[in-house]
Every structure is written in structure tokens, then in C-alpha cells.
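Only one structure is covered here, and it is reproduced in the block below.
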Amino acid sequence: MKYQAPKGVIEYFPPRSRSFEWVRATLLSQIKRSGYQLLQLPVFEDTELFTRGVGASTDVVSKEMYTFEDRGGRSITLRPEGTVGALRSIIEHGLDRGALPAKVFYSGAFFRAERPQAGRGRQFYSVGVEAVGSDDPALDAEVIAIADAGFRALGLKQFKLEITSLGDAQTRALYRVDLLAFIEGLDLDQATLVRAEINPLRLFDDKREEIRDLMSKAPKLLDYLSEESRTHFEAVQGYLRDLNIDFEINPRMVRGLDYYTGTTFEFVHELLGAQSGIGGGGRYDGLMEQIGGQPLSGIGFGLGVDRALLAAEAEGVVDQAAFLTDLYLIPLGTKAKTVALSLSQELRAHELTVEIAFGDRALKTAMKSADKSGARYVVIIGDTELNSGSVDLKQMRSGETTSVTLSSLVSTLSAELLTW
RNA sequence: GUGGGCGUAGCUCAGCUGGUAGAGCACUCGGUUGUGGUCCGAGAUGUCGCGGGUUCGAGCCCCGUCGCUCACCCCA
């Protein structure tokens, strides 16, 4: 094989590409129903946007970005996440000067130069929302509820929602001092100390048992929250309870992007292995300002389409039936082919999914193809049918046939399909 | 970036202590007149990931390299 896809990219091809499409469309439909509008964004941005927005010390920026120089000598980076680019666009086009909160969604590919793993590709797909210009805790709850509804619409059950509050900038500065003091008192190896220096919170995420034990005695950020942050966080929890959305408070939750403040959440799936986060997000108080906008608060999430698909497959809830062909047309002869082509055009105009058997194959072979396509109905068009003007509509599942005139095929099929 | 496992037909894999490749599934065609899912028959398909080395001879041994995969790390 001469050419292969670049290392670490996941491609979706039939038949699985249908499932991918279904996952993405399902997640998006929940978003659209909540009044979020599309932002169609570039997949690359000025490198500086990410270093300033996401944070230069984060792993995402410091070692996972696809950065290159374009022909004009500009430093360009393939987007490693969605929030910063979305906010840049909101600011650039003045969406934050209109009705607030500005509510937008995006969908597309993101890029991180990481070592590939189950549920982790170098190009991955996310759908996400951002709501900018309101610090109402009810908005936090709604954003979380949209993501939750998306996963439930897929039929997922074995996931949990974890939430916490990271407080405001001052809170975290105070907490950081205490946490670092605590960590200094621990006996840690060099690599771990380096990680702690970059972001002490990371140690909460360490998978080693001994580190987890040590860190269980560490001070908790939640105990440092200001009065205002605590009230906000409690209000969010109250709304979530009212919405009957189960959640768990995870005071040790760690997010790898620097901009998060206040409410922060993550959806974790039980069946996914090491890369178990299927979505996450939170509030970002200083971010708008950080990248040159007004000092507005905002909140958003990103949902992993690839991982949601893996989760749906693991739970066995992928909806295959949603994509079956309604009718498979088998023309016998040149004249029949012309009829089949125009008939298919008409049927498709009525939102029916129609396929035609191509290639002058034996009827038996064409029937086999029809069977493999998963088509619900088959119609054969030969000289007999052309002369009589009526066809046998065969239901593949039962094998039964009904005689239908060509002119009433559309109405008959539409009615039949309602009963599926 | 670090470590483990693996790379043989489209897919899943077999290939004994080295003698230049096989199975099942899938695919195409057929089992006499225009009807699928079972069954039977026939057929096509591989530079055995790539490059070098050892050898009379390598899919099997050695080195390198690329890729896949799982984990660390990190996150969607």
C-alpha cells in the first residue's frame, strides 16, 4: 500500500460513517433546539490566539499544537480546541454587542499532535456551544442540560456528570500557594515535581495509587471559594437538581485549559478506557478580555463526537435502522432504466430514500444487492410493468407483494413507511 | 515524548525447527425462462508494512524504519 492517512487520524467510512453522522446530528439537534446559532469557523488561527487564550504553559499549547509558517511568514496553528476561536469570531463580528447572551455553536475537526490511543486521534471531532455575556447560574445549568440531553438522545446511560467550581482568579491564587506548600512537603520524583510546578492541580489526576493517597489529604479548592462563587455554584446545583440531572461533585477535577473559572464540568463514560471524557466545559471569566474583547463572562462545552460514538457502540445503542434505504428499484432493460431514474427522482423529492440497481445484472443478483442494501421495499420494472402501468411493491422483511399503480407509488410508500 | 503488544488477501487470522503462501468470511459469476435472506459450484485478489543484512534459499533469523494498538502523560 503506497499511501496511508497521516499518523493518528481516524477516518470514518461506510458503514460506520453513518453512525458517526448520526451521533453528530443527534448532539447538534439538542443544541439547535436551545436557540444556539452556527458559527462556521476556520480550522486554523493565528498561533498567538491560542497561546494567549488557552495558556502558554498548558500541555495543549506547549507540546500538542500543529504550528507552521504560512507563505506570508505568519505563524499559523490548527485549532486544538474550539472556545478561543469562537470567542475571537464573536468579538471580531461584534456579536457581543448585540443581544446577550450571544449563543453560538460550532462543529468540526480539531487537531492535537499527541500519541494516538483508543479514543484519541490527532484529528478529532467536536461539537460545542458558547454563551457569552451572562453570569446567570441558570445559564450554567442550561448549558450542562443541553450536553446531557444530547448524550441521552443517543441512548447513552453509562456515563456520569462531574462538576466543580474553580472559583475566581484570586481564589485560585490563594489556593495555589497553599497547595504548593502542601506538595513541597511530599516526597515526589523529579518528573512529578516538574508537573506540579506547571500546574499543581495536575497531581490530583495522577493514576498512581500512592500519589492518589498522598493527594487525598491535600487542601481542596472548594474550601477556598469566595462567598460569591459559592452562592453561584450552589445555585447551579439547585437548578440541576430541579432538572433531575444527576451529578457528582468532584473537587479534584482537573482541566487542561487555563481559562476555566467557576462552574466546570465533565462527562465521563464508564466503558471507554483511559480516554473516558466524552465532553466537558465550564465558565471562563477573564477569557474575553484576555483576547481583546469586553470583560464578559461566558460558558460553553465541547463534546467529543468520536468518543460519543465509541460510547454508543460500547453500549450497543447505535441506531442502524435510521439509515435504511426505503425503496430499491430494479429496472430490466434500457427503457425501464429511464423510468427508474425519473421515478427515483420523484420519490426522493418526497423525502424517500431510493436506490437503483445498476449494471444490467441478472434479476437474482439484483435482488441479492437489494437485500444487502437493507432496503425495506423492492420494485421491479420490466416490460410487464411498463405495459400494465402497475408494479409489485415487495416488502423485503415479510416477502409479501402488493400491486400498486406507478402513479400511486409515492402515496402508497409514504403511508406504508409510517407504520415502520 | 516514554513503555508493552502487533504488522501475511477487503476483513479475521493460520503458516511446524528458514525451502519463494493458505483458510473462513466478504466479493464477482453461475446452479436454464422475471424475484433476496439458506444451500451447492466456479472465479478474482497479495511486491507476507518498507529498507538493509545473514543464508544456496527468509513470511519465518538480525538491524533499522514506518504504521497500528494499549498504557503513561494529556484531553474531546
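Naming convention: chains lettered A, B, ... in sequence-line order (proteins, then strands); numbering from 1 in each chain.
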Within 6.0 Å of CD in A:Glu48, more than 12 heavy atoms from elsewhere:
no
Does the ring of A:Phe124 lie flat against the base of B:A76, closer than 5.5 Å centre to centre with planes under 30°?
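The ring of A:Phe124 is stacked on B:A76.
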Taking the side chain as C-beta and beyond, is there a heavy-atom pair between A:Leu393 and A:Val379 under 4.5 Å?
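In short, these two side chains touch, coming nearer than 4.5 Å.
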Gap separating the [atom1] atom of [X] from the [atom2] atom of [Y], nearest 0.5 angstrom:
X: A:Leu161; Y: A:Glu248; atom1: CG; atom2: CD; value: 9.0 Å
X: A:Lys337; Y: A:Phe358; atom1: NZ; atom2: CZ; value: 8.5 Å
X: A:Leu327; Y: A:Tyr377; atom1: CG; atom2: OH; value: 10.0 Å
X: A:Thr47; Y: A:Ile76; atom1: OG1; atom2: CD1; value: 6.5 Å

When all nucleic acid strands are considered with a 4.0 Å heavy-atom cut-off, which category describes [X]: base, sugar-phosphate, or nothing?
X: A:Asp306; result: nothing
X: A:Ile330; result: nothing
X: A:Gly8; result: sugar-phosphate
X: A:Glu385; result: base

Residues of residues 107-121 of chain A with a heavy atom under 4.0 Å from any atom of RNA chain B, listed by number, are A:Arg112, A:Glu114, A:Arg115, A:Gln117, A:Ala118, A:Gly119, A:Arg120, A:Gly121
Is the A:Phe111 ring parallel, tilted or perpendicular to the A:Tyr66 ring (thresholds 30°, 60°)?
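Correct class here is perpendicular.
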Where does the angle between the aromatic ring planes of A:Phe265 and A:Phe301 fall among parallel (under 30°), tilted (30 to 60°) and perpendicular (over 60°)?
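It falls in the perpendicular class, over 60°.
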Want to settle it: does A:Lys7 or A:Gln275 sit nearer the 5' end of RNA chain B, counting the closest nucleotide to each?
A:Lys7
Could you give the NZ-to-C1' distance, from A:Lys368 to B:G30, as a whole number of Å?
9 Å
Counting only side-chain heavy atoms from C-beta out, which of [options] sits nearest to [X]?
X: A:Arg361; options: B:G34, B:C29, B:C73; answer: B:C29
X: A:Asp392; options: B:C74, B:C72, B:U35; answer: B:U35
X: A:Lys372; options: B:U28, B:G30, B:C74; answer: B:U28
X: A:Ile380; options: B:C73, B:G34, B:G31; answer: B:G34

What about [X]: does its side chain form a donor-acceptor pair under 3.5 Å with the base of [N]?
X: A:Thr365; N: B:G30; answer: no
X: A:Lys364; N: B:G30; answer: no
X: A:Glu64; N: B:G1; answer: no
X: A:Asp371; N: B:G37; answer: no

Which ranges of RNA chain B pair up as stems, where a stem means three or more consecutive Watson-Crick or G-U pairs with both distances under 3.5 Å?
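Stem list for RNA chain B: B:1-7 with B:66-72, B:10-13 with B:22-25, B:27-31 with B:39-43, B:49-53 with B:61-65.
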Ring pair (Phe, Tyr, Trp, His ring centres under 6.0 Å) between A:Phe20 and A:Tyr12, intermediate numbers included
CA-CA 7 Å; A:Phe20 176 84; A:Tyr12 296 97; 4.3 Å; yes
Would you measure the distance from the P atom in B:C29 across to the matching atom in B:A44 and give it in whole Å?
15 Å
